[in-house]
Amino acid sequence: LHKNTYYLSTRHTPRLINADNTPHIMRINICHQCRSVKATDFVARYRHIKQVEALCGDCPNYGKVWSCPPFIVPFDFTPFLTTILIGTVITLPTDSVQAEYTTDKCRLLMTEAIDIAWRQLLPFLYTQERAHTGSRIFTGRCRLCQPEACARTEGLPCRRPAQQRSSLEAVGFDVVSAARDVLGIEMQWATENSIPSSISLITALFSPQSVDTLPLPKPLSVTIANR
């Protein structure tokens with residue numbers, strides 16, 4: 001096996017067979033970029049708590065995951081001097097973008113691509129948080145307890161409070177505007193029967209120190225295939 005080939009489990013195989021009965025293979029490219037901005041400016045321009053939380057209210061995870069709103073204690077950004085906004089772009093092949101897929105297949109392909117990117121990105125983010133004393137990372141939706149449900153659904157406290165992190169959206173940031181203005185990334189969205197040409201993950205590190213840049217992970221090219 002090549003180290004850059006990711007094989008789907010056999011339970012996914014029936015949904016990833018092409019129309020001519022050949023196995024579907026998709027090669028994705030993952031690259032990262034970042035930019036340092038003043039934390040107070042970033043918060044003032046892109047944090048709109050009421051508007052963003054109103055959108056979150058329509059999500060099925062609202063109030064059911066500790067990394068998502070509503071929060072018991074509001075997050076305080078005043079200790080931070082620098083925001084490093086990080087954009088991870090997953091580029092999908094043209095044939096996959098142009099093909100017509102069922103809704104289930106679109107969801108599966110995007111989920112697999114995003115999961116691969118997170119496997120590279122999350123360890124990097126936690127390493128950078130440890131390297132910058134007093135800093136805080138903001139990731140995507142918490143997945144620490146999966147496949148088990150978040151303890152919040154049972155009215156219990158977080159099982160891993162030292163590791164649990166929230167997304168930028170969860171604490172009120174307009175990620176679409178921030179990605180466009182700060183990183184030059186135009187976020188794309190899937191339709192019911194098609195996937196976009198790229199998927200963007202927007203994360204951040206807030207630091208009480210001045211930080212110009214981060215040693216980003218190397219670009220990654222991965223093949224998603226059936227066994």
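One is the number of the first residue; the rest follow in order along the sequence.
Proximity of M110 to I90: side-chain heavy atoms (C-beta onward) are nowhere separated by under 4.5 Å. Looking at heavy atoms from C-beta onward, I84 lies in side-chain contact with T82 at the 4.5 angstrom threshold. Between I86 and I202 there is no side-chain heavy-atom pair separated by less than 4.5 Å. L92 is not listed as a side-chain neighbour of S197, based on a closest heavy-atom distance of 4.5 Å or more. Taking 4.5 Å as the limit, every side-chain heavy atom of I28 sits out of range of all side-chain heavy atoms of E112. Taking the side chain as every heavy atom from C-beta outward, R152 and V65 never approach each other to under 4.5 Å. A 4.5 Å side-chain heavy-atom check between L81 and F206 finds every atom pair outside the cut-off. L205 places none of its side-chain heavy atoms less than 4.5 Å from the side chain of L125.
The salt bridge (charged side-chain N to carboxylate O under 4.0 Å, His left out) search around E148 returns R159, not counting sequence neighbours. Every residue two or more places apart in sequence or in another chain that forms a side chain to side chain contact (heavy atoms under 4.5 Å, CB included) with D76 is listed here: T78, P79. Looking at residues two or more places apart in sequence or on another chain, you find no side-chain hydrogen bond (donor to acceptor under 3.5 Å, both in side chains) involving S200. Take R160 and apply the salt bridge (charged side-chain N to carboxylate O under 4.0 Å, His left out) test, not counting sequence neighbours, and it matches no residue. Residues that satisfy the side chain to side chain contact (heavy atoms under 4.5 Å, CB included) test with C158, not counting sequence neighbours, are W66, P161, Q164. Taking T153 as the reference, nothing meets the side-chain hydrogen bond (donor to acceptor under 3.5 Å, both in side chains) condition, with sequence neighbours excluded. Residues passing the side chain to side chain contact (heavy atoms under 4.5 Å, CB included) test with Q209, sequence neighbours excluded: S207. By the side-chain hydrogen bond (donor to acceptor under 3.5 Å, both in side chains) test, H132 is found to be paired with no residue, residues two or more places apart in sequence or in another chain being considered. Residues forming a side chain to side chain contact (heavy atoms under 4.5 Å, CB included) with E129 (at least two apart in sequence, or on another chain): Y126, S135, R136, I137, R165. The side-chain hydrogen bond (donor to acceptor under 3.5 Å, both in side chains) search around T203 returns none, not counting sequence neighbours.
T213 contributes atom OG1, which lies 10.5 Å from atom CD of Q33 (distance to the nearest 0.5 angstrom). To the nearest 0.5 Å, the span separating CG on L183 from NE2 on H32 amounts to 13.0 Å. D212 contributes atom CG, which lies 5.0 Å from atom OG of S210 (distance to the nearest 0.5 angstrom). The line from CG of L216 to SG of C34 is 4.0 Å long, rounded to the nearest 0.5 Å. Distance CD1/I114 to CD1/I30: 10.5 Å, rounded to 0.5 Å. One distance of note links CG of D115 with CZ of R143; it measures 6.5 Å at 0.5 Å rounding.
Residue P157 comes nearest to A151 through the heavy atom pair O-CB, 3.3 Å, listed as atom of the first residue, atom of the second, then distance. Across all their heavy atoms, T88 and A117 have their closest contact at CG2-CB, 4.5 Å. Minimum interatomic distance between P196 and W189 (heavy atoms only, all atoms of both residues): CB-O, 3.9 Å. Taking all atoms of both residues into account, the shortest heavy-atom contact from S67 to A170 is O-CB, 3.4 Å.
The salt bridge (Lys or Arg N to Asp or Glu O under 4.0 Å) contacts involving residues 172-186 comprise R45-D181, where partners must be two or more places apart or lie in separate chains.
Under the 4.5 Å side-chain heavy-atom criterion for ILVMFWY residues, no single connected hydrophobic cluster contains both L55 and I49. Hydrophobic cluster membership is shared by V89 and L168, with clusters built from Ile, Leu, Val, Met, Phe, Trp and Tyr side chains linked at under 4.5 angstrom.
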Do any side-chain atoms of residues 35-42 form donor-acceptor pairs under 3.5 angstrom with protein atoms, and if so which ones, sequence neighbours left out?
unit_1: R35; atom_1: NH1; unit_2: V182; atom_2: O; d: 3.2
unit_1: S36; atom_1: OG; unit_2: V211; atom_2: O; d: 2.7

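Just one residue in the list F80, F173, F77 forms a ring-ring contact (aromatic ring centres under 6.0 Å, His included) with F138, and that residue is F77.
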